[in-house]
Q: 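This structure is in structure tokens; I'll ask about it shortly.
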Amino acid sequence: MSWETVEWTIEEDRIAVLTIRREKALNALNRQVLGELDQAIGEMEGRPDLGCVVVTGAGTRAFVAGADIAEMAPMGPSEALAFARQGQGVFSRLERLPVPVIAAVQGHALGGGCELVLCCDIVLASDRAVFGQPEVKLGVIPGFGGTARLARRIGYGAAMQWILTGGTVGAEEAHRLGLVQRVVPGESLRSEALELAREIASRGPLAVRAAKALVREARDRPLGDALEAEAQAFGGLFATHDQREGMAAFLEKRPARFQGR
Ligand code: CO8
């Protein structure tokens with residue numbers, strides 16, 4: 001499952017790794033990358049056997065250094081609008097993937113790269129990772145969801161500071177602000193991300209998918225609606241094999257054998 005600039009592989013049982021491969025441009029997002037990402041995400045949507053996805057960029061220097069500035073530079077307003085819509089559409093599709101998505105950020109995650117991180121559920125970063133929304137330095141603003149998603153993740157003041165100054169922060173600061181869940185040495189980033197993916201993929205698959213959807217959707221729902229959705233999903237899981245198996249396994253002091261049904 002590979003195109004010119006994007007590939008996804010089943011790394012091991014139930015774990016997919018989605019890689020942006022445009023290393024000579026620090027994995028910058030042009031229309032081709034976005035188109036290929038869209039196809040890859042479409043394929044993963046149709047895979048009920050997946051338990052977790054890890055997203056990363058090729059090489060050690062960058063996760064994604066933003067939208068492709070050379071491609072954007074000559075654009076007029078309607079082309080730029082279409083480009084923003086294309087990126088937003090692809091990123092929202094990634095955010096809505098039914099399985100959890102872990103970002104493994106090894107280097108620069110700037111502009112569109114930082115916005116891509118914001119569409120992942122859990123973020124692991126190398127101690128060399130750098131985050132930021134530098135668009136105002138280019139005379140523009142974030143266009144792939146940053147003005148809408150960053151404050152939800154790191155709070156209003158910090159988001160304003162990032163977006164209004166265009167400054168960058170390192171992995172430790174991103175961790176302190178809650179964007180990054182764990183900072184690890186660069187050489188162990190991939191194995192740590194896979195280990196986390198393995199742990200998630202070992203849990204009840206229906207429960208994991210339900211939990212992801214509920215936590216994500218609760219951000220945009222009134223509390224009462226979110227609680228009702230949770231209660232409905234909770235009740236629904238009691239009609240599954242995996243609920244009976246998970247609870248029986250606990251009571252019998254043995255590992256659960258989930259079947260995703
Ligand atoms: N676009 C295109 N090419 C890039 C990009 C980029 N975003 N980032 C790096 N490259 C290219 C460089 O041009 C260079 O190419 P070449 O070797 O041919 O000269 C190569 O990658 C390596 O880059 P550097 O030599 O600059 O590497 P350094 O290690 O010196 O610096 C940095 C690394 C700090 C990451 C630096 O490359 C940089 O600042 N990049 C740009 C970061 C940036 O401003 N990103 C935000 C872009 S805007 C954006 O993402 C908006 C998203 C919404 C769009 C809405 C649509 C309208």
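Just so you know, ligand 1 is whichever comes first in the structure, and atom 1 is the first atom listed for that ligand.
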Q: Over all heavy atoms of both residues, which pair between Leu237 and Ala210 is shortest? Give the atoms and the distance, please.
A: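 It is CD1-CB, 4.5 Å.
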Q: Roughly how far, to the nearest 0.5 Å, is the CG atom of Leu164 from the CD atom of Glu135?
A: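 Here the interatomic distance stands at 11.5 Å.
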Q: Which residue supplies the protein heavy atom nearest to atom 33 (C) of ligand 1, what is that atom called, and how far is it?
A: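 The answer is Leu26 CD1, 3.6 Å.
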Q: Suppose I only count heavy atoms of Leu110 and a 4.0 Å limit; which atoms of ligand 1 are within that range?
A: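 So the answer, numbered in order with elements, is 35 (C), 42 (C).
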Q: Could you give the distance from CG (Leu206) to CZ (Arg203), rounded to the nearest 0.5 Å?
A: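 Rounded to the nearest 0.5 Å, the CG-CZ separation comes to 15.5 Å.
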Q: Between Gln39 and Glu43, do the side chains contain an N or O donor and an N or O acceptor separated by less than 3.5 Å?
A: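 Gln39 vs Glu43: no donor-acceptor pair found between side chains.
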Q: Where do Ala109 and Val105 come nearest, in terms of heavy atoms and distance?
A: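 In terms of heavy atoms, the two residues are closest at CB-CG1, 3.8 Å.
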Q: Ignoring hydrogens, tell whether any protein atom lies closer than 4.0 Å to atom 48 (S) of ligand 1; use the non-hydrogen atoms only.
A: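 It does: a protein heavy atom is found less than 4.0 Å away from atom 48 (S) of ligand 1.
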Q: Specify the protein heavy atom at minimum distance from atom 56 (C) of ligand 1: its residue, its atom name, and the distance to 0.1 Å.
A: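 Checked against all protein heavy atoms, atom 56 (C) of ligand 1 sits closest to Phe83 CD2, 3.2 Å.
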Q: So if I apply the side-chain contact (heavy atoms from CB on, under 4.5 Å) rule between Pro100 and each of Val54, Asp121, Val215, which one comes out positive?
A: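 It is Asp121; the other options fail the test.
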Q: With a 3.5 Å cut-off and no angle check, do the side chains of Arg149 and Ser92 form a donor-acceptor pair?
A: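 Per modelled atom types, Arg149 and Ser92 side chains form a pair under 3.5 Å.
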Q: So, does Glu115 sit close enough to ligand 1 that a heavy atom of it is under 4.0 Å from the ligand?
A: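 A heavy atom of Glu115 does come that close to ligand 1.
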Q: Indicate, as side chain, backbone, both or neither, the part of Met72 found under 4.0 angstrom from ligand 1 when only non-hydrogen atoms are considered.
A: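 Only the side chain of Met72 comes within reach of ligand 1.
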Q: Which residue owns the protein heavy atom closest to atom 51 (C) of ligand 1, what's the atom, and how far is it?
A: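 Its nearest protein heavy-atom neighbour is Glu135 OE2, 3.4 Å.
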Q: Closest non-hydrogen protein atom to atom 2 (C) of ligand 1, residue and atom name please, with distance?
A: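 Minimum-distance protein heavy atom for atom 2 (C) of ligand 1 reads Ile69 N, 3.4 Å.
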Q: Distance below 4.0 Å between atom 16 (P) of ligand 1 and any protein heavy atom?
A: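 Not a single protein heavy atom is under 4.0 Å away.
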Q: Which ligand 1 atoms, with their elements, are less than 4.0 angstrom from a heavy-atom of Gly112?
A: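 Answer, ordered by atom number: 49 (C), 50 (O), 52 (C).
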Q: If you look at every heavy atom in Gly145 and Glu115, which pair is closest and at what distance?
A: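 Looking at all heavy atoms of both residues, the shortest contact is N-OE2, 3.2 Å.
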Q: Using non-hydrogen atoms of the residue, decide whether Ala25 is closer than 4.0 angstrom to ligand 1.
A: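 Yes, Ala25 has a heavy atom closer than 4.0 Å to ligand 1.
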Q: Answer side chain, backbone, both or neither: which part of Leu29 comes under 4.0 Å from ligand 1, heavy atoms only.
A: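 Within the 4.0 Å criterion, Leu29 makes no contact with ligand 1.
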Q: Which protein heavy atom lies closest to atom 57 (C) of ligand 1, and at what distance to 0.1 Å?
A: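 Result for atom 57 (C) of ligand 1: Ala80 O, 3.3 Å.
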Q: Considering non-hydrogen atoms only, spot the tightest contact between Ile15 and Ala201 and give its length.
A: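 Residues Ile15 and Ala201, closest heavy atoms: CG1-CB, 4.2 Å.
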Q: In plain terms, say whether Asp49 and Arg14 are close enough for a salt bridge, that is, a side-chain N and a carboxylate O under 4.0 Å apart.
A: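 Between Arg14 and Asp49 there is no salt bridge, as every charged N stays at least 4.0 Å from the carboxylate O atoms.
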Q: So which heavy atom on Leu94 is nearest to which on Cys120, and how close?
A: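 Reported closest heavy-atom pair: CD2-SG, 4.3 Å.
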Q: Below 3.5 angstrom, do we get any N/O pair linking Pro134 and ligand 1?
A: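 In this structure, Pro134 places no N or O atom under 3.5 Å from an N or O of ligand 1.
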Q: Just to confirm, does any protein heavy atom lie below 4.0 Å from atom 8 (N) of ligand 1?
A: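 Yes, at least one protein heavy atom sits under 4.0 Å from atom 8 (N) of ligand 1.
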Q: Could you say whether the N/O atoms of Ala28 and ligand 1 ever approach to under 3.5 Å?
A: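 It does not: no N or O of Ala28 is found under 3.5 Å from an N or O of ligand 1.
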Q: Assert yes or no for the condition that the ring centre distance of Phe83 to Phe144 is strictly below 6.0 Å.
A: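 Distance test on ring centres: under 6.0 Å, yes.
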Q: Would the distance check show the side chain of Asp242 and the main-chain N or O of Gly260 forming a donor-acceptor pair, the cut-off being under 3.5 Å?
A: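 Answer holds: yes.
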Q: What distance separates Cys114 SG from Ile154 CD1, expressed to the nearest 0.5 Å?
A: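 That separation rounds to 7.5 Å.
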Q: For Ser126 and Gln106, test the side chains for any donor-to-acceptor distance below 3.5 angstrom and give the result as yes or no.
A: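 Checked: Ser126/Gln106 side chains show no N/O donor-acceptor pair below 3.5 Å.
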Q: Under 4.0 Å from any heavy atom of Leu138, which atoms of ligand 1 are there?
A: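 Going through ligand 1 atom by atom, the ones under 4.0 Å from Leu138 are 44 (O), 47 (C), 48 (S).
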Q: For ligand 1, find out whether one of its N or O atoms is nearer than 3.5 Å to an N or O atom of Ile141.
A: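 For ligand 1, there is no N or O atom that lies under 3.5 Å from one belonging to Ile141.
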Q: Within less than 4.0 angstrom of ligand 1, does Glu71 place any heavy atom?
A: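 Contact check Glu71 vs ligand 1: negative.
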Q: Is Glu230 paired with Arg221 through a side-chain N to carboxylate O contact shorter than 4.0 Å?
A: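 Salt bridge absent between Arg221 and Glu230.
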Q: As a test of the contact definition, would atom 38 (C) of ligand 1 count as having a protein heavy-atom neighbour under 4.0 Å?
A: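 Not a single protein heavy atom is under 4.0 Å away.
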Q: Can a protein heavy atom be found under 4.0 Å away from atom 31 (O) of ligand 1?
A: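 When distances to the protein are checked, atom 31 (O) of ligand 1 has no heavy atom within 4.0 Å.
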Q: Can you tell me the protein heavy atom closest to atom 45 (N) of ligand 1 and the distance?
A: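 Of the protein heavy atoms, Ala65 O, 3.0 Å lies nearest.
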Q: Would a distance-only check, ignoring hydrogens and angles, find a side-chain to backbone donor-acceptor pair under 3.5 Å from Asn27 to Arg22?
A: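 At least one qualifying donor-acceptor pair exists.
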Q: Under the 4.0 Å line, does any protein heavy atom show up next to atom 23 (O) of ligand 1?
A: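 Protein heavy atom within 4.0 Å of atom 23 (O) of ligand 1: present.
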Q: Nearest to atom 34 (C) of ligand 1, what protein heavy atom do you find, and at what distance?
A: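 Nearest protein contact, heavy atoms only, for atom 34 (C) of ligand 1 is His108 CE1, 3.8 Å.
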Q: Please list, in number order, the atoms of ligand 1 under 4.0 Å from a heavy atom of Gly143.
A: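 This gives 53 (C), 55 (C) as the contact atoms.
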Q: With heavy-atom distances below 4.0 Å as the criterion, list the atoms of ligand 1 near Gly111.
A: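 Reading through ligand 1 atom by atom, the close ones are 46 (C), 50 (O).
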Q: Return a yes/no value: protein heavy atom under 4.0 Å from atom 12 (C) of ligand 1?
A: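 Under the 4.0 Å cut-off, atom 12 (C) of ligand 1 has no protein heavy-atom neighbours at all.
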Q: Among all protein heavy atoms in this structure, tell me which lies nearest to atom 20 (C) of ligand 1, with the distance rounded to 0.1 Å.
A: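 Heavy-atom neighbour on the protein nearest atom 20 (C) of ligand 1: Lys24 O, 3.4 Å.
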Q: With only distance considered, is Arg61 within less than 3.5 Å of ligand 1 through an N or O on each side?
A: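 Yes - when backbone and side-chain N and O of Arg61 are compared with those of ligand 1, one distance drops under 3.5 Å.
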